There are 2 protein chains.
Amino acid sequence: MHALSISEENYLKAIFHLYTGEEGIGTNAIAHHLHTKAASVTEMVKKLAEKKLLTYEKYQGVIPTRKGFTTALAIIRKHRLWEYFLVEKLKLSWDEVHDIAEQLEHIKSDKLIEKLDRFLDFPKLDPHGDPIPDKAGKMCVTKCCCMSEIKPNSNAKITGVKNHSPAFLKHLEKMHLTIGKTIKIVERNDFDQSVQLVLNHETMHISKEIAENLLVHKIKR
Amino acid sequence: MHALSISEENYLKAIFHLYTGEEGIGTNAIAHHLHTKAASVTEMVKKLAEKKLLTYEKYQGVIPTRKGFTTALAIIRKHRLWEYFLVEKLKLSWDEVHDIAEQLEHIKSDKLIEKLDRFLDFPKLDPHGDPIPDKAGKMCVTKCCCMSEIKPNSNAKITGVKNHSPAFLKHLEKMHLTIGKTIKIVERNDFDQSVQLVLNHETMHISKEIAENLLVHKIKR
DNA sequence: AATATAATTTAGTTTAACCTAAAAAAATAT
DNA sequence: ATATTTTTTTAGGTTAAACTAAATTATATT
């Protein structure tokens, strides 16, 4: 019945992001994601299990319940709406907003989020290309794949990023590899897995690391 | 050096609001304001004194330092900017925004507040008529007085409220006694201190309690 | 001035969220 | 199948911020 604490919300979000649908998530994985220790996770996970947000059995890892899912989605919704606000209205850059949204996502007020959503005109994607869940937790499926998996000689549009670190985002910005841009993959180097591509009629090379963290959507033409 | 905790910020704000410039503020007064107990205040006040945000001597009460003042003003600035945003942009009503702003004021990011201030076009007053400190802590002086102190047969404009409770604000809204409205005080009843006034060419009576919590600015005509 | 009342502080608990170190269980390798 | 390594849990400790109850200091009353 009580509202969740900020810590509880952060654990839930981590568990949601780590859950692949296969097996239970280990305490170590959660600890690593939250920069905390496995012992702390065990403790917290017991509390969340009592609140029916996840199922937990000793040594078996953790699986979020339906309630856990919808709760996590509500937090992610808030995070992404705030990110959209920060970039589109306040004109912060996409590499500055994550830490701020990490704080804003814990503000408690259903009405605030409804009003914010309306003010922003119900955006569907956040500044990093991630889908924003609606009030019911539904979000659009953005079928896209890693740029490192695209076959040479095909065209694609940049739709998102897998890594949200400021360093990575700033680098993309500098290279003009931003969301919405259309590129042509020319070839992949067998030696270092780097990728040669054409952007704005100019040829460029990007490292394996960058290609693995860029999400694209294949297009014809 | 560390950033302040939410609790520390709330104590500083309370101390700022209670300080009249005369004597030190007692732990009981602070406890009452924060719905906590005097013993808890004693503890916290020692910590804030170590951080040079206030001076404290046993049994002598507490006085904010210059550093304490500017820190409190920065928090109040954030609170009022967010209130302005919630009312003017998100269209929440003036009785709904206090609790939300109470959470938002603790978000840590100087750049966020600068950008928010610019986005709102540097407002000088919040939705309750309270002045918004600028980046340097300066705010406009709004010379105004309690409606209960105005002499009969004079005109005045409503400029602010002393009480920020939703119940009071909703009541004012219903009576159309909102900020900016011009009224004429007709007379004060000696028995119950109620006030008769004219608003929009209609005569009305308001209780002593309301008159004491409405701030007005006398005008000619 | 002595006493009663009120305000404040101290001492000792509680809770949430973290930690380390050691024990126990599970997974992996020989 | 047994031994080794890794993962997870337990046990016990720490810190911030609250609390209650008792002791102390200040203020007010007679």
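All figures in this text were calculated on a predicted structure; none of them were measured in a lab. Below, chain A is the first sequence line, B the second, and so on; all start at residue 1.
The 5' end of DNA chain C is approached more closely, in terms of each residue's nearest nucleotide, by Ala38(B) than by the other of Ser5(A) and Ala38(B).
At a threshold of 4.0 angstrom between heavy atoms, the contacts of Thr36(A) are confined to the sugar-phosphate backbone, with no base atom among them.
Checking dT9(D), dT20(D), dT10(C) against every side-chain atom of Lys58(B), the shortest atom distance belongs to dT10(C).
The side chain of Thr27(B) places no N or O atom within less than 4.0 Å of a non-bridging phosphate oxygen (OP1 or OP2) of dA7(C). Proximity of Ser7(B) to the phosphate of dA16(D): no side-chain N or O atom is located under 4.0 Å from OP1 or OP2. Look at Lys37(A) and you'll find a side-chain N or O under 4.0 angstrom from OP1 or OP2 of dT20(C). An OP1 or OP2 oxygen of dT8(D) is reached within less than 4.0 angstrom by no side-chain nitrogen or oxygen of Lys46(A). Distances shown here put a side-chain N or O of Asn28(B) below 4.0 Å from the OP1 or OP2 atom of dT8(C). Within the structure, a side-chain polar atom (N or O) of Tyr11(B) is placed less than 4.0 Å from OP1 or OP2 of dA18(D). For dC18(C), the OP1/OP2 oxygens have no side-chain nitrogen or oxygen of Ser40(A) closer than 4.0 Å.
Atom CD1 in Ile25(A) sits roughly 15 Å away from atom C1' in dT8(D) (whole-Å rounding). Here dA7(C) presents its P atom at 13 Å from CD of Glu23(B), a figure rounded to the nearest Å. Remark: P of dC18(C) and CD1 of Ile6(A) are 11 Å apart, rounded to the nearest angstrom. Remark: C1' of dA16(D) and CD of Glu50(B) are 14 Å apart, rounded to the nearest angstrom. Regarding Tyr59(A), its OH atom lies at a distance of 14 Å from the P atom of dT7(D), rounded to whole Å. As rounded to whole Å, 10 Å separates atom P of dA16(D) from atom CE of Met44(B). The interatomic distance linking His2(A) (NE2) with dT15(C) (C1') rounds to 13 Å, in whole Å. Remark: P of dT20(C) and CD of Glu43(A) are 14 Å apart, rounded to the nearest angstrom.
Residues satisfying the side chain to side chain contact (heavy atoms under 4.5 Å, CB included) criterion with Gln196(B), sequence neighbours excluded, are Val186(B), Glu187(B), Thr203(B), His205(B). Applying the side chain to side chain donor-acceptor pair (under 3.5 Å) criterion to His217(A), with sequence neighbours excluded, gives no partner residue.
Taking the six-membered ring where the residue is Trp, Phe16(B) and Phe69(B) present perpendicular rings, their angle passing 60° and hence far from 30°.
Cation-pi contact between Lys89(B) and Phe85(A): absent, since separation from the ring centre below 6.0 Å together with deviation from the ring axis within 45° is not met.
A salt bridge links Glu9(A) with Lys108(A): at least one charged nitrogen is closer than 4.0 Å to a carboxylate oxygen.
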